[in-house]
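Reading through the structure tokens given below for one structure.
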Amino acid sequence: MVNIIAIVTPYKKNGRINWLNLNFLINFYIFNKINKILLLGTTGESHNFKIFEYINIMLFVKNYKIKFFLNINKNNIKEIFYLFFLSKINKNSKILINIPSFILPNNLNLFKYFKIINKFGFKNILYNIPKRTSIFLNYNFINKLFKKKFFIYMKNSINNLKNSLIYKNKNIILFSGEDKNLYFCFKNNYFGTISVFNNIIPKNFFFINNKLNFIINKLNFDINPILIKFFLYKSFLIIGISNSLLFGIEKFFFTQSQT
């Protein structure tokens, strides 16, 4: 399986990106044999990032000799198109796309949206996660998107056998989109995983994760990215500030932030 880490972006206590810490994290994952990293793909980061921060982070990672993918999840369509344009200039190869967060978009609007995005020429990854978007894309609509070559890959959070068989039969390349179902995806030959969970154990991710996911599924325990960030802080991999959708930049629980 292809292992793409949804890297956690570290911040200083003034709310600015901690570039030194980010450099350390990227090199830590390179040392652990990771060669594909998703930027701004953890809880709330893409929503909370301003345009200038997108520009800065794209310029920052330009000189690393590994592949970086970008998550774009915005409500403003003009901003989305501008970020695609910036990504094109900076030669990103793939972008993770969420379903737009306006209220109950119909299939026609969604189709037009994905059609326009496809014109930028990226190998986009569709993020199918109904439990957070409240939008369930039916099989026929997804099939149409992939037939039109709007997408090649899908990060799928509905990891059950029926779902997987239908999508694989349609030649859709599947990434796992639910950390607690990684064991299932590994057994059913998913192409790979895009995960926050693998920030913790990147080198031995698949070996340890298969054991851990078996326990997690038995306990019906949900892996929350906020807890992963807290664990990274306690492991001294990131320094003291989190980015969450509800609160923006905030301190880790009751800990003291550091500059």
Side-chain angles (χ1 to χ4, degrees), residues 1-4 6 36 38 40-43 46-47 67 69-77 79-81 83-84 87-88 92-197 222-223 225 245:
M1 289 178 80
V2 175
N3 183 14
I4 301 176
K36 295 177 180 67
L38 176 71
L40 316 184
T42 68
T43 306
S46 187
H47 285 281
K67 288 185 178 179
F69 308 139
L70 193 66
N71 177 47
I72 295 179
N73 187 5
K74 291 283 187 184
N75 293 326
N76 188 313
I77 299 297
E79 281 190 2
I80 291 171
F81 291 165
L83 290 173
F84 265 91
S87 300
K88 190 77 174 177
N92 287 321
S93 59
K94 294 184 183 67
I95 293 181
L96 179 68
I97 299 296
N98 291 64
I99 296 165
S101 301
F102 51 86
I103 298 173
L104 294 178
N106 59 40
N107 282 359
L108 180 60
N109 282 335
L110 286 176
F111 186 83
K112 287 179 178 178
Y113 168 73
F114 292 133
K115 184 178 181 179
I116 294 169
I117 281 176
N118 185 56
K119 291 181 179 179
F120 285 93
F122 289 99
K123 294 178 181 177
N124 293 321
I125 306 167
L126 174 64
Y127 193 3
N128 185 26
I129 182 164
K131 74 174 185 179
R132 291 187 186 169
T133 61
S134 300
I135 300 168
F136 183 86
L137 300 177
N138 64 53
Y139 295 119
N140 290 332
F141 183 68
I142 288 177
N143 188 37
K144 188 175 181 180
L145 293 177
F146 280 83
K147 266 191 172 179
K148 293 287 185 181
K149 306 293 183 185
F150 292 173
F151 297 96
I152 300 173
Y153 308 92
M154 180 162 67
K155 183 181 177 186
N156 187 36
S157 71
I158 316 171
N159 298 331
N160 59 52
L161 191 56
K162 178 187 172 184
N163 229 275
S164 302
L165 290 174
I166 290 173
Y167 290 142
K168 287 171 81 173
N169 188 47
K170 301 295 183 184
N171 295 319
I172 296 172
I173 301 172
L174 293 174
F175 285 95
S176 169
E178 186 68 52
D179 281 334
K180 75 173 186 176
N181 288 336
L182 288 171
Y183 179 66
F184 167 85
C185 298
F186 185 78
K187 281 200 311 180
N188 289 280
N189 298 316
Y190 269 50
F191 179 73
T193 173
I194 303 174
S195 169
V196 179
F197 187 38
D222 231 347
I223 302 172
L245 179 58

Working for ring-ring contact (aromatic ring centres under 6.0 Å, His included), residues F175 and F191: CA-CA 6 Å; F175 285 95; F191 179 73; 5.4 Å; yes
Test side chain to side chain contact (heavy atoms under 4.5 Å, CB included) applied to N124 and F151, step by step: CA-CA 5 Å; N124 293 321; F151 297 96; 3.7 Å; yes
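Distance check: Y139 OH to N163 CG gives 4.0 Å after rounding to the nearest 0.5 Å. Separation of atoms CD1 (I135) and CG (N106) is listed at 10.0 Å; rounding is to 0.5 Å. Taking CD1 from I142 and CZ from F150, the interatomic distance works out to 14.0 Å, rounded to the nearest 0.5 Å.
Contact of the L110 side chain with the L137 side chain is registered, since non-hydrogen atoms from C-beta on lie closer than 4.5 Å. Side-chain contact between F122 and K88 is present, with at least one heavy-atom pair separated by less than 4.5 Å. I80 has its side chain out of reach of L83: every pair of non-hydrogen atoms, C-beta onward, lies at least 4.5 Å apart. K168 places a side-chain heavy atom less than 4.5 Å from the side chain of L174. At least one side-chain heavy atom of I117 sits under 4.5 Å from a side-chain heavy atom of F84. A heavy-atom distance below 4.5 Å is not found between the side chains of N156 and I172. At least one side-chain heavy atom of Y167 sits under 4.5 Å from a side-chain heavy atom of N128. For the pair Y113/I97, a side-chain contact is recorded, criterion being any heavy-atom separation below 4.5 Å from C-beta on.
Between the side chain of K148 and the main chain of K115, no donor-acceptor pair closer than 3.5 Å is present.
When each of I125, L126, I173 is checked for a side chain to side chain contact (heavy atoms under 4.5 Å, CB included) with I152, only I173 meets the rule. For the pairing with I194, the side chain to side chain contact (heavy atoms under 4.5 Å, CB included) check across N3, V2, I4 returns one residue only, I4.
Pairing each heavy atom of F141 with each of N107, the nearest pair is CE1-O, 3.5 Å. When all heavy atoms of L38 and L70 are compared, the closest pair comes out as CD1-C, 3.7 Å. Scanning all heavy atoms of the two residues, the minimum distance from I129 to S157 falls at CA-OG, 3.1 Å. Scanning both residues, S176 and Y190, for their nearest heavy atoms gives N-CD2, 3.7 Å.
In this structure, K36 fails the cation-pi test against F69, since its NZ or CZ atom is not both closer than 6.0 Å to the six-membered ring centre and inside 45 degrees of the ring normal. Cation-pi contact between K155 and Y127: present, with separation from the ring centre below 6.0 Å and deviation from the ring axis of at most 45°.
The environment of K112 atom NZ is sparse: at most 12 non-hydrogen atoms of other residues, nucleotides or ligands sit within 6.0 angstrom.
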